[in-house]
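The structure appears below as structure tokens.
Everything numeric in this text was worked out from a predicted model, so none of it was measured. Below, chains carry the letters A, B, ... as their sequence lines are ordered, and counting in each starts from 1.
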Protein chains: 2
Amino acid sequence: MTKAAAVVCGPSVAARVLAVLSSFDETHTALTLSDIARRSKLPLSTTHRLLAELERWQAVDRAEDGAYHIGRRLWQLGTLAPVQRELREVALPAMQDLFVATQENVTLAVLSGTSALYVERIHGKASVPVESRPGRPLPLHATGVGKVLLAHAQPGLVDACLSKLTKVTSFTIVDRERMCCELAAVRRNGYARSFEEMTPGVAAIAVPIFDPEGRVLAALGLVTRILRKDLVKFVPALRVAAATISRNVSHHRAG
Amino acid sequence: MTKAAAVVCGPSVAARVLAVLSSFDETHTALTLSDIARRSKLPLSTTHRLLAELERWQAVDRAEDGAYHIGRRLWQLGTLAPVQRELREVALPAMQDLFVATQENVTLAVLSGTSALYVERIHGKASVPVESRPGRPLPLHATGVGKVLLAHAQPGLVDACLSKLTKVTSFTIVDRERMCCELAAVRRNGYARSFEEMTPGVAAIAVPIFDPEGRVLAALGLVTRILRKDLVKFVPALRVAAATISRNVSHHRAG
DNA sequence: ACTCGTGCTTCCATTGGGTGGAAGCCGCGC
DNA sequence: GCGCGGCTTCCACCCAATGGAAGCACGAGT
């Protein structure tokens with residue numbers, strides 16, 4: 001995640017606590033006291049005191065080598081988030097059925113700001129290795145699930161994305177006009193494809209998961225090697241799984 | 001989780017922020033402002049201010065009906081915890097293989113204080129419904145995975161548990177002597193069983209997952225209907241999966 | 001063995017962010 | 001129309017937070 005906390009880090013203690021926690025991200029999961037002080041822009045002694053309280057509450061824990069990690073209590077709190085309980089847990093059985101049927105990476109993502117956020121990924125030994133994991137933000141314009149989410153996003157967000165399309169691979173679509181056509185095709189076809197636009201040698205296909213009001217609440221996708229050129233044949237299975245998830249999410253909320 | 005924060009809630013702002021977050025638990029995932037003020041024992045205006053900062057940082061979010069939920073940023077932070085990245089994600093493929101082979105609930109748990117903490121559960125439509133989910137604490141003495149963890153726990157912890165064995169079902173072992181024998185059998189056999197001790201009509205079998213130093217870092221189990229009396233036949237498959245997870249966790253840490 | 005640099009821990013005089021009761025607003029039920 | 005409960009905002013007062021400095025521990029280099 002971006003250092004958004006730097007934006008809100010002010011003189012308040014709560015903001016400082018959050019700045020300390022924001023020091024951790026996808027590529028920084030083990031940090032020393034000095035690391036955290038630097039990244040949160042707080043004095044050493046302040047950082048030390050705040051970490052002591054976070055450690056006491058098990059929001060972080062300190063390994064024998066002195067490095068801090070996110071603690072079990074934050075993990076547990078995280079499991080209470082709607083994205084985990086009302087989406088991920090409900091979606092897991094259908095995702096597994098899809099994995100068994102296809103033996104490929106099965107991905108579930110939601111819109112988060114101007115990124116796609118992986119909620120879950122199921123893969124096996126034979127699946128193409130993909131550098132993704134739950135919690136990780138990914139570009140909307142370069143991934144299958146991202147294109148689905150973007151195609152059904154509010155116009156304001158679409159404009160914001162289209163105004164700063166960046167190349168991830170040489171195949172990534174960065175021309176605004178071409179991306180508009182691509183998103184129109186996604187809406188028309190009811191699925192999105194990505195060919196080596198995010199990762200060389202990798203292709204993806206994704207479909208929307210709707211809520212009862214017809215809004216897109218997530219995207220479900222498959223990620224494969226480009227050798228499998230016939231990805232469109234997976235669309236019916238993806239749609240069945242997406243419909244199952246859709247229905248179960250609605251029941252879950254009502255229950 | 002228990003209201004542990006009540007223990008640490010003092011005059012410090014950090015403690016208060018954590019008390020607010022601690023208001024959420026397994027059975028309270030949607031809370032009003034007044035709910036949170038009551039549960040954290042803070043005045044309404046203090047609670048209101050702290051929640052505003054948490055909301056600004058997306059640690060919590062507020063639904064249209066005014067209820068607060070755990071926000072996406074806390075979910076993302078939670079995904080950085082070692083239990084998630086170094087255990088759960090590494091274990092998932094092997095757990096799925098086990099699920100495919102058995103079509104039963106596959107569970108992964110770690111020791112957390114004096115409880116077993118579910119890290120992940122894989123199940124399908126045909127699996128016996130089990131009220132468990134990631135993040136949820138469960139008794140050590142009544143579950144398969146719990147007995148494995150208890151059998152290999154430090155003597156101090158074992159004593160603490162044996163001194164307050166409580167009945168969960170009429171089959172739960174609460175006699176200290178009998179539980180000692182049970183744990184000795186678990187160590188001798190290399191697996192644990194539970195027959196309707198946690199849930200009527202439900203049986204479980206579990207094996208340990210070792211770290212390179214030979215310590216138990218987690219337990220892997222299957223949960224089935226008691227109709228399947230021949231659970232011991234699953235032990236070889238459980239051990240294979242556990243060994244795979246063991247190896248992969250070691251490689252993951254080294255990498 | 002000694003020196004140096006780095007990381008970390010602890011202290012405490014000073015200060016400014018936090019406090020929480022009260023007042024007021026809003027929505028709902030009777 | 002009234003009463004009640006939940007929520008939001010205000011502000012005089014106060015105490016928790018601050019962060020530089022001093023000191024400790026440790027590892028590397030000589």
Side-chain angles (χ1 to χ4, degrees), chain A residues 3-25 27-71 74 80 82, chain B residues 3-25 27-71 82:
Chain A
K3 292 265 284 294
V7 171
V8 303
C9 189
S12 87
V13 178
R16 290 169 170 221
V17 168
L18 299 172
V20 164
L21 292 176
S22 295
S23 301
F24 295 91
D25 66 21
T27 50
H28 302 88
T29 57
L31 296 167
T32 65
L33 171 63
S34 300
D35 288 335
I36 295 172
R38 278 194 291 276
R39 290 168 66 80
S40 60
K41 297 181 174 53
L42 293 168
L44 266 176
S45 46
T46 302
T47 306
H48 190 265
R49 265 188 310 103
L50 293 176
L51 281 168
E53 284 209 76
L54 288 167
E55 191 180 0
R56 197 151 52 247
W57 188 79
Q58 295 180 328
V60 300
D61 55 39
R62 199 170 195 185
E64 285 177 6
D65 66 353
Y68 290 91
H69 300 90
I70 292 294
L74 276 188
L80 303 180
Chain B
K3 294 265 282 295
V7 172
V8 303
C9 190
S12 85
V13 176
R16 291 169 171 221
V17 167
L18 299 172
V20 164
L21 292 177
S22 295
S23 302
F24 295 92
D25 66 21
T27 51
H28 301 88
T29 58
L31 296 168
T32 65
L33 171 64
S34 300
D35 288 334
I36 295 171
R38 277 194 291 275
R39 292 168 65 80
S40 59
K41 296 180 175 56
L42 293 167
L44 267 174
S45 47
T46 301
T47 306
H48 189 264
R49 267 189 307 103
L50 294 176
L51 281 167
E53 286 209 73
L54 288 166
E55 192 180 359
R56 196 148 54 245
W57 189 80
Q58 295 180 328
V60 299
D61 54 38
R62 199 171 195 185
E64 284 176 7
D65 66 353
Y68 289 91
H69 300 88
I70 293 293

Looking only at heavy atoms, which two atoms of [X] and [Y] are closest? And how far apart?
X       : Y       : value
B:Leu44 : B:Ala37 : CD2-CB, 4.1 Å
B:His69 : B:Thr29 : CD2-O, 3.4 Å
A:Asp61 : A:Gly71 : OD2-CA, 3.9 Å
A:Tyr68 : A:Thr32 : CD1-C, 4.2 Å

| field | Value rounded to 0.5 Å, distance of CZ in B:Arg56 from OG in A:Ser12 | value |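 Going from CZ on B:Arg56 over to OG on A:Ser12, the span is 7.5 Å.
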
| side chain to side chain contact (heavy atoms under 4.5 Å, CB included) assessment of B:Val60 paired with B:Val20 | CA-CA 10 Å; B:Val60 299; B:Val20 164; 5.9 Å; no

| message | Once side chain to side chain donor-acceptor pair (under 3.5 Å) is applied, do any residues pair with B:Ser34, and if so which ones, sequence neighbours excluded? | response |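 Residues passing side chain to side chain donor-acceptor pair (under 3.5 Å) with B:Ser34: none at all.
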
| For A:His28, what residues pass the side chain to side chain donor-acceptor pair (under 3.5 Å) criterion, not counting sequence neighbours? |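 Here the qualifying residues are A:Asp25, A:Arg39.
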
| message | Below 4.0 Å from chain B heavy atoms, what is the first contacting nucleotide of DNA chain C and what is the last? | response |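 Terminal contacting nucleotides, 5' to 3': C:dG18 to C:dG21.
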
| query | Going through the distances and angles, do B:Leu50 and B:Ile36 end up as a side chain to side chain contact (heavy atoms under 4.5 Å, CB included)? | reply | CA-CA 11 Å; B:Leu50 294 176; B:Ile36 295 171; over 6 Å; no

| Inter-end axis angle, the helix from C:dA1-D:dT30 to C:dC30-D:dG1, with every axis fitted to five base pairs (rounded, 10 degrees) |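 What I find for the helix from C:dA1-D:dT30 to C:dC30-D:dG1 is an axis angle of 50°.
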
| request: Respond yes when some side-chain nitrogen or oxygen of A:Arg49 is under 4.0 Å from OP1 or OP2 of D:dT18, and no when none is. | output: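 True: A:Arg49 side-chain N/O within range (under 4.0 Å) of D:dT18 OP1/OP2.
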
| field | side chain to side chain contact (heavy atoms under 4.5 Å, CB included) between B:Leu33 and B:Arg62, intermediate numbers included | value | CA-CA 10 Å; B:Leu33 171 64; B:Arg62 199 171 195 185; 4.2 Å; yes

Return the polar atom pairs (N/O with N/O) between nucleotides 4-7 of chain D and the protein under 3.5 Å, or none.
unit_1 : atom_1 : unit_2  : atom_2 : d
D:dC7  : OP2    : B:Ser34 : N      : 2.7
D:dC7  : OP2    : B:Ser34 : OG     : 2.3

